[in-house]
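Structure, as structure tokens:
Scope of the values below: all heavy atoms of this structure, side chains included, with no hydrogens, waters or symmetry mates. This one's a predicted model, so the numbers in the text were calculated from it and none came from an experiment.
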Amino acid sequence: MAGEAGGEPRAWLAVDETAATFISRSLSSRPPIILPPPLHRAPLRPGNVVEIAGPSNSGKSHLLLMAAVQCILPKEWEGIYIGGLGKSVMYLDLDCRFDVLRLAQILRKRIAEGSAHLRNGDLEKDGTKDEFQSSFENALFSDCMQRFLYARCHNSSEFTAALKTVQSQSRSEVLGLGIYFVMIDSIGAFYWIDRASQPAGENKGKSLQSVTETVIHEIRKFLQLQPALVLVTKAPIYAEGTTTANDFNRGSSKYMMEDSTVLKYSRLDEERTLSCREYMPSIWQSFVTHRINLQEEAIVPSVHENEVLSTYTSEWMQPSLKTKDKFSIVGDGVILVQ
């Protein structure tokens, strides 16, 4: 925070002021971050830990990519307003399902929107105009991708090692800009492996509780070095004695229907009647500052440009907001459904 305020930590803290003035000055050095819909309802600040929970195929990873694009895009590029944050992102892939082509698709769409007025320029030749726009977009795309850092983790040991790398990377400052978003997809990926580990012999200290404590410790150390927004996805675990969507009574006659759409919504209806239980240790639950829950709607899908799209809902659980947003995912973004 002191670095953002433009001075040494002791000088930043040595100002003689009232508590109200100190809080105001602290908040001004950490301005609110407005993310793309449907994450736009709650203003977030560096230091917040946001948990995005939802079942498979509810759009969790897609929302991470949209937030990442917002971060790595610059505010301006060659005098043209783009509207991004111009800072670096560290994406920790625990599910090993990261899709770089989708990231590129979303990023190129945003760049095209930002450079749209170039198509109406007054250059003498259309060919020159097209070449200039293509060069502009490619250069901006390359600049943005340099601010996107990626690490794939196959177990909790690699995960904690990657978090240590985030700290060292922040000290060196990528392109002169510290890491501003840390993304973890998904925090429960190694839950069953860590839970099965016995805290004895060679595995001593590798229990689920101790691993979670280590992860939180490393994230906190990083946030002390570099105020950043932490975005985490989490898949649900249903109440004990129930099954997940992939294991619903496959022998039941209601799942033997030929209509795949009816089959899909029959499973969704039953899944929504099950209660999800919190499976992360209490130390993680208290560490999270914001929670948002995603669900796929078991209703008639929305129609966008003659294309039938599945509809999802997002609801802020912490802080608790009274409104729910309905949205659909398109190839290069998200559209809100009225």
Side-chain angles (χ1 to χ4, degrees), residues 35-39 41-42 49-67 91-99 102 183-195 208 231-250 252 254-255 257 259-281 284-285 288 290-302 308-318 320-321 323-331 333-337:
L35 296 178
L39 303 178
R41 293 294 182 185
V49 179
V50 184
E51 183 182 87
I52 306 172
S56 179
N57 297 322
S58 60
K60 302 185 299 296
S61 297
H62 188 86
L63 296 184
L64 285 189
L65 295 183
M66 291 189 61
Y91 192 104
L92 302 176
D93 183 14
L94 278 57
D95 264 343
C96 300
R97 297 170 63 183
F98 172 71
D99 188 350
R102 173 163 287 191
M183 299 183 170
I184 303 172
D185 188 17
S186 91
I187 192 63
F190 311 128
Y191 170 78
W192 294 111
I193 298 175
D194 294 334
R195 183 177 176 179
L208 175 64
L231 296 168
V232 181
T233 65
K234 186 182 73 175
I237 288 182
Y238 295 99
E240 190 172 356
T242 63
T243 54
T244 64
N246 291 331
D247 299 318
F248 284 141
N249 309 315
R250 291 191 174 100
S252 174
K254 68 186 294 184
Y255 295 124
M257 294 178 287
D259 189 335
S260 60
T261 302
V262 176
L263 172 63
K264 174 182 179 182
Y265 291 126
S266 297
R267 292 184 177 180
L268 279 173
D269 288 337
E270 186 154 343
E271 179 178 342
R272 289 163 66 88
T273 65
L274 301 177
S275 59
C276 298
R277 65 180 177 88
E278 179 57 65
Y279 58 92
M280 293 296 292
W284 172 263
Q285 298 175 42
V288 172
H290 295 71
R291 286 184 172 87
I292 183 171
N293 186 52
L294 305 180
Q295 287 289 344
E296 185 173 6
E297 284 287 279
I299 59 175
V300 178
S302 64
V308 178
L309 303 172
S310 296
T311 303
Y312 309 89
T313 60
S314 63
E315 181 180 8
W316 284 92
M317 312 302 292
Q318 181 181 342
S320 179
L321 302 181
T323 59
K324 283 186 178 182
D325 287 308
K326 292 184 179 181
F327 65 96
S328 293
I329 297 176
V330 295
V334 164
I335 56 172
L336 292 179
V337 178

Those residues that, when tested against [X], pass side-chain hydrogen bond (donor to acceptor under 3.5 Å, both in side chains) (two or more places apart):
X      : value
Tyr279 : none
Trp284 : Glu51
His290 : none
Asp185 : Ser61, Tyr91, Thr233

On a heavy-atom basis, which atom in [X] and which in [Y] lie closest, and how many Å separate them?
X      : Y      : answer
Ser328 : Val337 : OG-CG2, 3.6 Å
Ile184 : Leu64  : O-CD1, 4.4 Å
Pro55  : Leu294 : CD-O, 3.4 Å
Phe327 : Ser58  : CZ-O, 4.1 Å
Pro38  : Ser314 : CB-OG, 3.3 Å
Val288 : Val49  : CG1-O, 3.5 Å

Seminar exercise, completed: Interatomic distance, CG@Leu336 vs OG1@Thr311, rounded to 0.5 Å, equals 11.5 Å
Exercise. Rounded to the nearest 0.5 Å, what separation is found between the CH2 atom of Trp316 and the NZ atom of Lys324?
Worked result: 15.0 Å
Using side-chain heavy atoms (C-beta onward) and a distance below 4.5 Å, is [X] in contact with [Y]?
X      : Y      : value
Val232 : Ile52  : no
Asn293 : Thr313 : no
Tyr191 : Ile237 : yes
Leu65  : Phe98  : yes
Pro36  : Met66  : yes

Exercise. Would you find a donor on one side and an acceptor on the other, under 3.5 Å apart, between the side chain of Gln318 and the backbone of Ser320?
Worked result: no
For this session: Return the set of residues passing salt bridge (Lys or Arg N to Asp or Glu O under 4.0 Å) with Lys60 (not counting sequence neighbours), or none when no residue passes.
Result: none
Seminar exercise, completed: Residues at least two apart in sequence or cross-chain that pass salt bridge (Lys or Arg N to Asp or Glu O under 4.0 Å) with Asp325, listed by chain then number, are Arg41
For this session: Using a strict cut-off of less than 4.0 Å between a Lys/Arg side-chain nitrogen and an Asp/Glu carboxylate oxygen, indicate whether Lys326 and Glu315 qualify as a salt bridge.
Result: no
